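For the numbers below, each heavy atom of this structure counts, side chains included, while hydrogens, waters and symmetry mates do not. Only a predicted model underlies this, so the values are computations on that prediction, with no experimental measurement involved. To find a chain, count down the sequence lines: A is the first, B the second, and so on, and within it residues start at 1.
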Amino acid sequence: MRATRLYAPTLRETPAEAEVKSHQLMLRAGMIRKAAGGLYTYMPLAWRSLKKIMQIIREEMDAAGGQEIAMPIVQPSEIWKETGRWSVYGDEMFRVSDRHGREFCLGPTHEEMVTTLIRDEVRSYKQLPLMLYQIQNKYRDEIRPRFGLMRGREFIMKDLYSFDKDEEGMNESYKIMYDAYTRIFSRMGLEFRPVEADNGAIGGGHSHEFTVLAEAGESNIAYCTKCDYAASDEKAELTVIKATEEAMKELDKVSTPDAHTIELVAECLHLPLDKTIKAVAFQDDKDELILAFVRGDHDVNDVKVVNLFEDSIELHMATDESIIAAGGVPGFMSPIGLKEGTKVVVDATVMEMFNACAGANEKDKHYINVNPKRDFKDVIVADIRMIKEGDACPHCGAPVKMTRGIEAGQVFTLGTKYSQSLHATFLDENGKEKPLVMGCYGIGVSRTMAAAIEQNNDENGIIWPKAIAPFEVVIVPINAKNEDQLKIAEDIYEELKAKGVDVLLDDRKDRAGVKFKDADLIGYPLRITVGPKSVEEDSIELKIRRNGEMVNATKAEVAAKAVEMLENL
RNA sequence: CGGGGCAUGGCUCAGUUUGGUAGAGCACCUGGCUUGGGACCAGGGGGUCGCAGGUUCGAAUCCUGCUGCUCCGACCA
């Protein structure tokens with residue numbers, strides 16, 4: 001490809017609408033343009049990179065036994081009504097109707113579609129296991145699309161669905177996919193971690209998010225410094241911290257005027273935070289009050305609280321009125337002395353505390369010498385705290401570190417949730433009818449590209465990992481009007497093309513500075529510069545984008561040298 | 001959903017307070033000059049100032065409504 005023919009309009013300035021690096025750089029590098037909120041056109045550079053990402057995914061999916069299909073994006077409402085998700089999905093779903101008033105949606109995912117596809121055809125265990133996948137646009141009508149391709153309303157996704165005859169088979173499929181995902185992200189040259197994730201309402205089984213590590217990420221993950229444990233902060237389990245044993249003193253009430261936050265209480269009573277008990281009041285969707293208690297220096301993990309209850313509930317912060325109605329006093333709440341029947345959840349670590357301080361359910365008063373094991377009645381004890389840096393790894397006990405990441409892929413087991421509601425059954429070895437056991441596995445293709453940029457950039461622009469770069473090499477003749485330079489550049493270009501290298505020749509008649517700036521911005525992994533020295537001294541420069549390392553080669557050896565350098569990138 | 005901000009040429013923005021024939025830089029076209037890190041000189045093209053109403057002799061500017069974009073906000077009692 002020649003730069004004079006390439007449609008990649010670069011921008012010198014950053015468009016005002018772009019907030020995160022990947023969005024800014026993709027706009028500036030001429031990769032994408034916005035059509036409407038959360039909707040983007042992929043221009044040649046972006047599409048080249050996306051095609052490479054998709055190709056890696058295809059190869060690994062096929063190698064793992066997946067078969068590619070293409071299902072409609074427009075889906076009939078009926079199948080969504082069968083599973084109940086037509087109403088559950090809510091405003092997130094793009095809905096359309098045809099001229100007859102029949103309802104459809106633009107697929108946000110394809111569990112319904114794929115399950116109804118196979119339910120009439122797969123009748124026997126002999127046809128299993130089966131893995132079907134597709135790569136196509138998905139639609140979600142996000143409340144607030146933002147961050148460019150990271151959270152768009154239309155995005156490219158690979159989704160694979162596995163069908164097995166039993167749980168054991170499903171777990172095997174899961175393992176195969178987990179390994180395939182590990183290979184995919186490794187091949188793309190990204191720093192990532194498979195983290196244990198919360199799959200809450202979707203159903204039991206396991207789930208891992210493949211998270212690309214980057215500061216701009218939306219998810220917080222905790223990872224162990226010693227073993228390979230990693231989990232999203234919502235999911236991360238925590239071990240109980242035992243306090244040093246003390247003789248239990250008698251419960252006492254003290255005055256703490258205006259100390260309505262835990263910090264003020266600790267200050268007022270000259271206590272360390274880990275000797276205090278903090279309260280958080282939630283209210284579920286039926287307005288029932290749920291009080292949660294954690295140690296003063298800890299935070300409540302509301303996902304864990306939600307998961308304690310059978311029904312899928314939604315939690316909000318409680319209003320003062322409902323706290324008062326339960327016999328509590330906002331700012332001074334305690335598990336002691338609440339109205340009977342009030343739901344109280346206490347973190348397991350709190351139960352191990354001695355002579356701690358908690359609210360007294362009375363204005364400007366706190367209890368001291370609270371001993372939960374002795375003083376708390378009718379409470380639910382569970383792990384409900386949020387992990388933080390330095391906490392012990394649940395697997396090996398070493399301290400964990402926190403980092404941010406971008407969820408690029410997720411694997412999870414579905415079990416029989418969809419096969420049951422959609423009556424997708426088969427006959428097993430004993431002639432018995434059983435629902436298919438499913439798993440589903442997604443990779444956000446366009447988001448992965450954004451994540452790659454988010455993880456690989458500097459002040460000058462993008463630094464592509466070689467495997468997914470739009471071009472592997474750019475050749476820059478300093479002065480394209482100089483025929484000698486251009487000739488050398490053209491020769492190298494042809495030679496590299498013949499060697500199968502993905503190469504761009506920047507034959508534009510612009511000044512060198514312009515071409516260098518663009519090369520850095522677009523982020524080609526390797527740059528070959530042809531200048532006066534190449535003509536006069538047969539010296540051609542090769543420069544690695546990522547670390548700025550430069551070497552010189554003669555014209556005879558430059559192509560081989562380029563290939564060698566690419567191999568080591 | 002609540003609250004702010006913005007909308008002027010392809011991009012970044014000024015002009016709006018105080019109404020009087022629309023500007024700059026970058027980008028684009030032509031010519032010249034220049035060529036190892038976003039040059040320079042000269043000339044030129046391009047905007048019904050988001051949309052719809054209203055006030056006025058006159059509206060980018062004032063008023064009303066709408067649309068789009070953008071940021072913030074659920075909270076540790």
Next on the checklist: Can you measure E267(A) atom CD to rA77(B) atom P for me and round it to whole angstrom units?
Outcome noted: 13 Å
Item to check | Rounded distance [0.5 Å steps], NZ in K343(A) versus CG in L291(A) | outcome: 11.5 Å
Next on the checklist: Is there, by distance only and without an angle test, a donor paired with an acceptor across the side chain of R28(A) and the base of rG10(B) below 3.5 Å?
Outcome noted: no
Next on the checklist: Work out how far the C1' atom of rA27(B) is from that of rU18(B), and round it to whole angstrom.
Outcome noted: 35 Å
Item to check | For rC69(B), the Watson-Crick or wobble counterpart (both distances under 3.5 Å) | outcome: rG5(B)
Checklist entry - Which whole-number value in Å describes the distance from K517(A) NZ to rC26(B) C1'? => result 15 Å
Next on the checklist: Using whole Å, what does the distance between atom C1' of nucleotide rA7(B) and atom NZ of K34(A) come to?
Outcome noted: 12 Å
Item to check | Under 3.5 Å donor-acceptor pair, E13(A) side-chain atoms to rG25(B) base atoms | outcome: yes
Checklist outcome for this item: Applying the 3.5 Å cut-off to both distances, the Watson-Crick or G-U partner of rC76(B) turns out to be none
Checklist outcome for this item: Here the gap from L542(A) atom CG to N552(A) atom CG, rounded to the nearest 0.5 Å, amounts to 7.5 Å
Next on the checklist: Any strand counts, and the cut-off is 3.5 Å on both contacts for Watson-Crick or G-U wobble. Which nucleotide pairs with rC62(B)?
Outcome noted: rG54(B)
Checklist entry - Starting at CD of E536(A) and ending at P of rU35(B), how long is that distance when rounded to a whole Å? => result 13 Å
Checklist entry - Roughly how many Å is it from CD1 in I478(A) to P in rG38(B), rounded to a whole number? => result 12 Å
Item to check | Value rounded to 0.5 Å, distance of CG in L505(A) from OG1 in T4(A) | outcome: 7.5 Å
Next on the checklist: Any donor-acceptor pair, under 3.5 Å, between the side chain of N479(A) and the base of rG36(B), if you only look at N and O atoms?
Outcome noted: no
Checklist entry - Can you tell me how far P of rC13(B) sits from CD of E17(A), to the nearest Å? => result 11 Å
Item to check | Candidate pair Y367(A) and D375(A), rule side chain to side chain contact (heavy atoms under 4.5 Å, CB included), full reasoning | outcome: CA-CA 11 Å; Y367(A) 282 126; D375(A) 301 327; over 6 Å; no
Next on the checklist: Using heavy-atom distances to pick each residue's nearest nucleotide on RNA chain B, tell me which of D510(A) and E19(A) is more 5'.
Outcome noted: D510(A)
Next on the checklist: I'd like the C1' distance from rU34(B) over to rG58(B), given in whole Å.
Outcome noted: 49 Å
Item to check | Nearest-Å distance once atom P is located in both rG43(B) and rA24(B) | outcome: 13 Å
Next on the checklist: For rG10(B), does the base pair up with any side-chain atom of R12(A) as donor and acceptor (N or O, under 3.5 Å, distance only)?
Outcome noted: no
Checklist entry - If you pin F282(A) and R508(A) to their nearest nucleotides in RNA chain B, which one's is more 5'? => result R508(A)
Item to check | Interatomic distance, D506(A) CG vs rG36(B) P [rounded to whole Å] | outcome: 15 Å
Item to check | Length of the line joining M550(A):CE and rG37(B):P, which is rounded to integer Å | outcome: 12 Å
Item to check | K481(A) (side chain) and rU34(B) (base): donor-acceptor pair under 3.5 Å | outcome: yes
Next on the checklist: Can you tell me if D378(A) has over 12 outside heavy atoms packed within less than 6.0 Å of its CG?
Outcome noted: no
Next on the checklist: Under a 3.5 Å distance rule, please check whether S534(A) uses its side chain to pair with a backbone N or O of S539(A) as donor and acceptor.
Outcome noted: yes
